[in-house]
Amino acid sequence: MRTVYVNGDYLPETEAKVSIFDRGFLMADGVYEVTSVLDGKLIDFDGHAVRLQRSLEALEMRNPISKDDLLEVHRELVRANEITEGLIYLQITRGSDGDRDFAYPAPETEPTIVLFTQNKPGLADNPVAKKGIKIISIEDIRWGRRDIKTVQLLYPSMGKMMAKKAGCDDAWMVEEGFVTEGTSNNAYIVKDNKIITRALSNDILHGITRAAVLRFANEAQMVVEERNFTIDEAQQADEAFTTSASAFVMPVVEIDGVALGDGTPGRVAPRLREIYLDEMRKAAV
């Protein structure tokens with residue numbers, strides 16, 4: 001049985017409770033972060049903490065915990081649940097004033113904060129990364145502030161299921177002819193040794209793993225071009241990949257039924273995955 005964290009208390013998961021009037025439950029009025037754990041240490045905690053604060057400020061939501069205290073909670077959950085490789089999920093909502101209303105509750109209403117762990121042995125040495133994933137493209141019909149990491153995840157969940165029904169692993173979303181991002185990851189293609197990915201804006205999540213991977217790519221003197229690209233362009237690319245906190249760098253080998261190259265991971269994505277895991281392990285806290 002896992003130990004979880006709810007509003008300042010460490011509890012067995014079976015004893016964890018949140019009000020039915022919580023705005024996260026009723027309105028999806030909340031934000032979240034997922035931090036990976038490798039070798040019992042946190043990967044890129046600072047990046048996640050900074051993005052969490054950005055999301056809260058964008059929604060005019062109060063942060064109920066300091067960065068130092070949040071780090072201690074993460075470490076205690078890793079210790080209590082004996083996590084060597086896995087994930088820590090964090091969610092903060094606007095809380096509840098005891099009823100349902102479209103208007104925000106009074107500013108003094110206490111936010112709700114919950115954290116729990118997911119044990120994922122073999123997270124870094126995922127065999128899927130060696131063979132790559134197949135994706136489909138779907139229309140992007142989400143709201144216009146995808147840069148805020150909210151808990152409004154219904155359409156990405158639907159996209160995952162569309163991919164599964166098509167016998168694939170994931171979906172890339174397309175808006176006005178251009179790829180925005182994956183259902184839970186940022187999207188990239190590689191053509192003529194150039195890494196191409198959409199530039200940051202309100203249209204995509206500002207991925208913490210994305211930032212680290214692009215930094216490492218630049219340090220390795222790889223060419224990075226931040227611009228829009230289409231599914232047709234992606235299908236003609238030499239290779240493609242995604243990045244996320246839970247899958248790191250994941251090669252893509254097929255898009256809408258079209259194999260990229262010889263249908264196996266290329267050279268760039270596996271190398272970036274290797275660099276990312278090596279460097280982030282060194283910097284883990």
Side-chain angles (χ1 to χ4, degrees), residues 34 126 128-192 194-214 217 222 224-270 272-273 276:
V34 179
N126 186 348
V128 176
K130 292 179 173 61
K131 68 176 185 177
I133 61 173
K134 300 177 181 180
I135 64 169
I136 62 170
S137 61
I138 60 175
E139 182 183 1
D140 196 338
I141 59 173
R142 299 171 297 162
W143 78 319
R145 289 301 308 273
R146 302 153 194 166
D147 56 308
I148 306 172
K149 197 171 177 69
T150 74
V151 296
Q152 300 178 52
L153 297 173
L154 179 58
Y155 188 62
S157 294
M158 292 171 67
K160 291 277 191 187
M161 295 311 297
M162 291 180 211
K164 288 183 179 295
K165 289 177 182 178
C168 293
D169 304 287
D170 206 346
W172 279 2
M173 292 174 277
V174 177
E175 185 174 58
E176 298 180 351
F178 296 103
V179 174
T180 50
E181 58 191 342
T183 58
S184 59
N185 43 60
N186 291 116
Y188 310 74
I189 60 174
V190 180
K191 185 68 175 178
D192 298 328
K194 183 185 296 181
I195 300 167
I196 301 167
T197 190
R198 193 177 180 112
L200 294 180
S201 69
N202 291 350
D203 296 330
I204 66 170
L205 183 68
H206 297 194
I208 302 305
T209 306
R210 175 191 186 277
V213 167
L214 293 186
M222 298 180 183
V224 176
E225 184 175 347
E226 295 185 68
R227 64 165 175 83
N228 293 353
F229 63 86
T230 66
I231 288 294
D232 285 343
E233 185 178 5
Q235 290 174 324
Q236 297 171 35
D238 299 320
E239 58 182 293
F241 61 94
T242 65
T243 62
S244 67
S246 58
F248 312 124
V249 180
M250 181 60 66
V252 171
V253 297
E254 181 183 295
I255 301 174
D256 282 341
V258 176
L260 277 63
D262 63 1
T264 63
R267 177 183 60 83
V268 173
L272 280 174
R273 182 183 177 90
Y276 176 83

Distance, nearest 0.5 Å, that separates [atom1] of [X] from [atom2] of [Y]:
X    : Y    : atom1 : atom2 : result
S137 : Q235 : OG    : CD    : 7.5 Å
E176 : N228 : CD    : CG    : 9.5 Å
M222 : L214 : CE    : CG    : 11.0 Å

Can you see which heavy atom on [X] is nearest to which on [Y], and at what distance?
X    : Y    : result
F241 : L272 : CZ-CD1, 3.7 Å
A217 : V224 : CB-CG2, 4.0 Å
V253 : G132 : CG1-CA, 3.9 Å
A240 : I255 : CB-CD1, 4.5 Å
G182 : W172 : CA-CD1, 3.7 Å
V179 : A187 : CG1-CB, 4.0 Å

With a 4.5 Å cut-off on side-chain heavy atoms, are [Y] and [X] touching?
X    : Y    : result
T150 : W143 : yes
I231 : V174 : yes
S201 : R146 : no
E233 : I196 : yes
L205 : K149 : yes
I204 : T180 : yes
Y155 : T183 : no
I136 : C168 : yes

Polar contact flag, side-chain donor to acceptor under 3.5 angstrom, D232-T230: no
Side-chain donor-acceptor distances from residues 242-252 under 3.5 Å, at least two apart:
from	atom 1	to	atom 2	distance (Å)
T243	OG1	Y188	OH	2.7
S244	OG	A247	N	3.1

Verify, without hydrogens or angle tests, whether [X] (side chain) and [Y] (backbone) share a donor-acceptor contact under 3.5 angstrom.
X    : Y    : answer
E239 : V268 : yes
R227 : A199 : no
N186 : H206 : no
N126 : V128 : yes

Decide, yes or no, whether a salt bridge links [X] with [Y] under the criterion of side-chain N to carboxylate O below 4.0 Å.
X    : Y    : answer
E181 : R210 : no
E225 : K191 : no
R142 : D140 : yes

K130, NZ atom: more than 12 neighbouring heavy atoms under 6.0 Å: yes
Neighbour count above 12 (heavy atom, 6.0 Å) for R145 CZ: yes
